[in-house]
Amino acid sequence: VQTCALPIYQNTSGKMLYVSVMCSFTFGTTTITAYCDSSSTPTTVVSQQAPAYGSGTMVTNVFFLVPVGYYYKCSYSNGTVAITHWIEWS
């Protein structure tokens, strides 16, 4: 399994963050995973999309909450993924 990790961020806003990440990719074995915890290298899976097999292009979201001071990131495995939107609300 080939994995691509995006940058790691920290919530320094002073408020809880709600994060929405929209991705576009070709059906197959791609999995989109969000991680969040108090470690500067987060490993706790908090959201994941693993679509069924098929053909064509799929658009999906992962949603998650980030407590103040926590670190967060997204990664994907297998295939090519385009992050089309990354939105953070506090």
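Bear in mind the structure is a predicted one, so any value in this text is a computation, not a measurement. What you see below is based on every heavy atom in this structure, not just the backbone, and it leaves out hydrogens, waters and symmetry mates.
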Subject >> Value rounded to 0.5 Å, distance of OG1 in T60 from CD in Q49 >> reply: 3.5 Å
Original post:
Could you give the distance from CG (L17) to OG1 (T12), rounded to the nearest 0.5 Å?
Top reply: 8.5 Å
Any donor and acceptor pair, going by atom type alone, linking the side chain of [X] with main-chain N or O of [Y] inside 3.5 Å?
| X | Y | value |
| --- | --- | --- |
| D37 | T43 | yes |
| N11 | V66 | yes |
| Q10 | G69 | yes |
| T31 | S77 | no |
| S38 | Y70 | no |

Are any non-hydrogen side-chain atoms of [X] and [Y] less than 4.5 angstrom apart?
| X | Y | answer |
| --- | --- | --- |
| I8 | P42 | yes |
| L65 | M16 | yes |
| M58 | S24 | no |
| V21 | I83 | yes |
| V19 | Y9 | no |
| F64 | C74 | yes |

Subject >> Residue pair Y71, C36: steps toward the side-chain contact (heavy atoms from CB on, under 4.5 Å) verdict >> reply: CA-CA 6 Å; Y71 295 84; C36 178; over 6 Å; no
**OP:** Check whether V46 and V81 end up in the same hydrophobic cluster, where Ile, Leu, Val, Met, Phe, Trp and Tyr are linked by side-chain heavy atoms less than 4.5 Å apart.
**Re:** yes
Original post:
Do you know which two heavy atoms are closest between S47 and V62, and how far apart they sit?
Top reply: OG-CB, 3.5 Å
**OP:** Output, in order, the C-alpha distance, side-chain angles, deciding distance and verdict of side-chain contact (heavy atoms from CB on, under 4.5 Å) for F25 and V59.
**Re:** CA-CA 7 Å; F25 54 91; V59 176; over 6 Å; no
Original post:
With under 30° as parallel and over 60° as perpendicular, where do the rings of W89 and Y18 fit, or are they tilted in between?
Top reply: tilted
Original post:
Between E88 and Y72, is any side-chain donor less than 3.5 angstrom from a side-chain acceptor?
Top reply: yes
